[in-house]
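Inspection log for the structure reproduced underneath, given as structure tokens.
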Number of protein chains: 2
Amino acid sequence: MEWWVSDRRREPGQISLADIAAEAGVSVSTVSRIANGDLGRASASTVAKVQRLIAERGYRPNPVGRSLRGGESRLVAMLAPNLDNPAMAAIAASTEAALRAAGYVMVLCDTHDRPDLQDEYLRAMRSRFAEGFILVSAVASAELEASVKRGEPVVFVNRRNPYGDPYGGGAFVGIDNRKAGADAADYLLDCGVRAPAVIHPAELSSTIRERVEGFIDRLREKRPDMTVRRAEGAGANHLDCGYAAALSLVAAGGWPDGVLCPSDLMAYGLFRAAGERGGRIPDDCRPVGIDDNDLNAWIAPWLSSVKIPYRAFGEQVVACLLALRAGTLDGEVLLGHELVRR
Amino acid sequence: MEWWVSDRRREPGQISLADIAAEAGVSVSTVSRIANGDLGRASASTVAKVQRLIAERGYRPNPVGRSLRGGESRLVAMLAPNLDNPAMAAIAASTEAALRAAGYVMVLCDTHDRPDLQDEYLRAMRSRFAEGFILVSAVASAELEASVKRGEPVVFVNRRNPYGDPYGGGAFVGIDNRKAGADAADYLLDCGVRAPAVIHPAELSSTIRERVEGFIDRLREKRPDMTVRRAEGAGANHLDCGYAAALSLVAAGGWPDGVLCPSDLMAYGLFRAAGERGGRIPDDCRPVGIDDNDLNAWIAPWLSSVKIPYRAFGEQVVACLLALRAGTLDGEVLLGHELVRR
DNA sequence: TTGAACATGGCAAACGTTTGCCTAAACTGT
DNA sequence: ACAGTTTAGGCAAACGTTTGCCATGTTCAA
């Protein structure tokens with residue numbers, strides 16, 4: 001054990017209630033009450049003296065002692081599938097800011113989309129008395145089911161609660177994915193596309209499925225005779241998936257004149273495939289993405305995309321969490337989206 | 001106070017030493033010792049019984065109780081300036097993985113490059129008994145100075161310890177920025193560039209300054225008669241800076257045939273400016289970046305860049321941290337970089 | 001037979017906080 | 001003057017853990 005752990009009390013940084021109490025000549029209880037704003041239980045002079053000392057010595061209540069006592073920990077855990085994805089980073093950043101504004105500290109855990117890691121973090125955070133959980137694109141897992149069953153405050157982002165059915169769905173922040181897909185379809189039709197296609201990962205998450213379905217349904221509705229080609233690709237991430245799917249698409253029947261990429265990263269994969277296979281983007285093949293990564297405006301002028309307001313997610317997530325804790329949850333929050341033409 | 005906080009003991013998820021002790025008919029101390037691997041202090045039968053119960057009930061020591069006692073918290077705080085930057089996200093992701101492998105939990109805090117927020121997080125994490133701090137691109141601040149002075153385990157990433165001088169520099173993980181700049185210069189010369197330029201943010205961080213200096217020094221060394229144009233741009237982030245700097249560059253004297261962008265984001269800003277002002281990239285104006293953002297391979301085929309192995313940072317950072325805690329720090333770690341031609 | 005060594009394990013303090021309950025003293029009304 | 005109430009504040013338990021020290025009981029050697 002190192003000195004800064006074992007002897008930390010000798011350091012001036014960490015003063016406890018007991019230090020203040022000793023110096024003020026009162027009991028720990030009195031200091032605690034005054035520090036917590038319960039001013040009616042001590043004489044005005046005591047209150048003044050203690051408050052002065054608190055300010056002077058810079059006392060700040062120790063969150064660990066508080067947590068242990070069973071009170072609040074001011075800790076909220078966010079479990080996200082991978083920080084590399086710019087969309088996740090945007091959600092994490094905005095949520096962090098909103099939580100800080102609400103007086104919480106956010107712990108960010110990277111689950112790599114693995115149920116076992118998700119469970120491990122869920123356990124670790126629970127035993128640190130996290131007061132809430134934010135699950136971005138959650139996967140089904142045993143501990144998650146336990147959390148939901150126990151009624152712990154969990155907010156789901158992007159993907160809905162996999163165990164929501166019997167318990168009323170739970171808190172959710174996201175967008176209307178079917179409508180986003182439909183908007184993308186409208187855009188391609190508007191551009192005069194006649195032979196559209198859609199690419200998607202080999203295993204479909206609910207989010208991606210909804211986007212693809214919304215896209216196809218809208219096309220069928222507006223152009224009943226139009227056929228929509230479809231290709232899937234495997235890969236560790238959406239970049240690889242998009243690349244593989246695009247290659248398989250062009251191998252099967254050449255370049256379509258428009259293609260839905262249900263995430264921007266897949267569009268990037270398509271772009272690379274086009275570069276290698278001589279497809280001209282967007283002239284010959286017009287992609288439309290969903291996400292609208294912030295970098296698009298800078299380096300992907302060829303990509304129109306449905307802008308998802310990830311930067312606005314944080315505020316909504318925190319509002320949901322607070323409502324959940326107060327017992328006044330009002331269901332799911334769907335934020336608006338808007339197609340950005342480039 | 002909500003039920004899941006106040007009555008959490010009724011839930012099966014949280015069993016304490018006391019629960020096990022009661023069921024085994026031994027004292028809490030005995031269970032604690034056995035749980036911590038001190039098997040010599042109890043009879044074989046007791047050990048077996050307690051171990052069975054621990055496994056059966058799934059007992060896991062409560063980190064909060066441990067922290068309070070003054071032992072380990074297994075908590076490490078990473079303070080990063082902004083998660084939006086893909087380089088930061090890559091560092092965060094790899095560090096998180098390495099810390100998890102070492103049995104730690106990482107708390108990620110977004111300081112927005114503000115000294116006051118950095119201080120707030122430093123305090124908050126200290127009072128949660130964080131066992132170490134990782135400061136990515138740290139700024140100077142009062143609490144940071146206090147931490148360094150007290151000898152708390154701090155690893156600096158990207159930017160060196162601003163208070164390192166009197167205390168021996170401290171732990172640092174990064175690259176040789178001057179050499180990275182020099183490599184970029186070699187590349188441009190190799191491409192036959194004759195009128196190079198460099199753009200950079202209005203206020204120079206030490207990192208950026210070193211890159212720019214390395215670039216200019218190498219050019220002077222190899223081509224003493226060559227003049228290097230220089231433009232700076234202001235903005236909230238490197239994208240805006242790069243854009244503004246590029247505009248000012250071209251306004252002052254047209255497009256250079258090669259330009260150092262000391263971060264990839266600045267190169268993206270330049271790209272956008274070129275798109276608007278009719279500069280042809282990379283044919284007329286060849287940019288060279290530093291970072292080599294992963295997305296470059298997919299959507300920025302026009303950008304050669306010095307690849308910084310951010311994915312490898314995590315392992316080194318954690319090694320540094322452990323060495324620091326063990327008192328065997330061996331100074332700074334400079335990782336290699338390599339220019340990627342596109 | 002007696003002392004020492006060892007095996008086994010419990011007690012209690014400590015970490016920092018919160019809070020129900022208790023105890024004085026002072027004050028109020030009659 | 002006395003009962004009742006308010007004011008001011010302390011005591012101690014509880015949260016979960018770790019660990020130095022103490023207390024038995026057994027074994028062993030001289």
Side-chain angles (χ1 to χ4, degrees), chain A residues 1 4-11 13-22 24-50 54 57 59-75 126-129 131, chain B residues 1 4-11 13-22 24-50 54 57 59-75 126-129 131:
Chain A
M1 189 180 297
W4 56 77
V5 171
S6 62
D7 288 358
R8 65 173 177 278
R9 268 167 314 138
R10 288 199 204 141
E11 296 305 317
Q14 286 294 352
I15 7 162
S16 68
L17 281 183
D19 297 331
I20 302 283
V26 298
S27 78
V28 175
S29 340
T30 301
V31 182
S32 169
R33 281 190 274 253
I34 294 176
N36 288 344
D38 183 359
L39 304 182
R41 308 250 338 216
S43 69
S45 68
T46 305
V47 168
K49 180 170 51 178
V50 170
I54 286 180
R57 300 278 179 273
Y59 165 76
R60 298 166 72 90
N62 183 320
V64 175
R66 259 192 187 162
S67 303
L68 191 53
R69 174 57 218 263
E72 56 189 20
S73 66
R74 309 306 284 175
L75 215 60
R126 199 147 46 210
S127 66
R128 283 191 158 79
F129 302 137
E131 295 183 32
Chain B
M1 187 181 298
W4 56 79
V5 171
S6 64
D7 287 359
R8 62 174 178 279
R9 267 169 313 138
R10 289 201 202 138
E11 297 305 317
Q14 286 296 349
I15 9 166
S16 67
L17 282 182
D19 297 330
I20 302 284
V26 298
S27 78
V28 174
S29 341
T30 302
V31 182
S32 169
R33 282 189 274 251
I34 295 177
N36 288 344
D38 184 0
L39 303 182
R41 307 252 338 212
S43 69
S45 69
T46 304
V47 168
K49 180 169 52 179
V50 169
I54 285 179
R57 299 279 179 273
Y59 165 77
R60 298 165 72 91
N62 183 320
V64 175
R66 257 191 190 164
S67 303
L68 191 54
R69 174 56 218 262
E72 57 190 19
S73 66
R74 308 307 282 174
L75 216 58
R126 198 148 45 209
S127 66
R128 284 193 158 78
F129 302 137
E131 294 182 32

Would you indicate which nucleotide in [options] comes nearest to any side-chain atom of [X]?
X: A/V26; options: D/dG10, D/dT17, C/dT17; answer: D/dG10
X: A/L17; options: C/dG9, C/dT17, D/dT17; answer: C/dT17
X: A/R66; options: C/dG10, C/dT17, D/dT17; answer: C/dT17

> Looking at DNA chain C, which of residues 36-46 of chain A put a heavy atom within less than 4.0 Å of it?
Replying inline: A/N36, A/R41
>> Need to verify one output field. Residue with the more 5' nearest nucleotide on DNA chain C, B/V28 or A/P61?
In response: B/V28
>> Would you say A/S27 places a side-chain N or O within less than 4.0 Å of OP1 or OP2 belonging to D/dG10?
In response: yes
> Partners of A/S73 by side chain to side chain contact (heavy atoms under 4.5 Å, CB included), sequence neighbours excluded?
Replying inline: A/S67, A/L75, A/F129, A/E131
> What is the nucleic acid contact for B/S32, judged by heavy atoms within less than 4.0 Å: base, sugar-phosphate only, or nothing?
Replying inline: base
> Is A/V64 touching bases, backbone alone, or none of the nucleic acid, heavy atoms closer than 4.0 Å?
Replying inline: nothing
>> Tell me the closest heavy-atom pair linking B/Y59 and B/I15, and the distance in Å.
In response: CD1-O, 3.2 Å
> What pair of heavy atoms forms the shortest contact from A/V50 to A/A24, and how long is it?
Replying inline: CG2-CB, 4.2 Å
> Below 4.5 Å, heavy atoms only, C-beta onward: do A/R126 and B/R60 meet side chain to side chain?
Replying inline: no
>> Here's a test of your reading of the structure: between B/R33 and B/G65, which maps to the more 5' nucleotide of DNA chain D?
In response: B/G65
> Within this structure, what is the CZ-to-P distance between A/F129 and D/dA14, rounded to whole angstrom?
Replying inline: 16 Å
>> Looking at B/S29 and C/dC11, is any side-chain donor or acceptor paired with a base atom of the opposite kind under 3.5 Å?
In response: yes
Review item, side-chain donor-acceptor pairs of residues 28-40 of chain B, under 3.5 Å, at least two apart:
{"from": "B/S29", "atom 1": "OG", "to": "B/S27", "atom 2": "OG", "distance (Å)": "3.4"}
{"from": "B/T30", "atom 1": "OG1", "to": "B/S27", "atom 2": "OG", "distance (Å)": "3.3"}
{"from": "B/N36", "atom 1": "OD1", "to": "B/R66", "atom 2": "NH2", "distance (Å)": "3.2"}

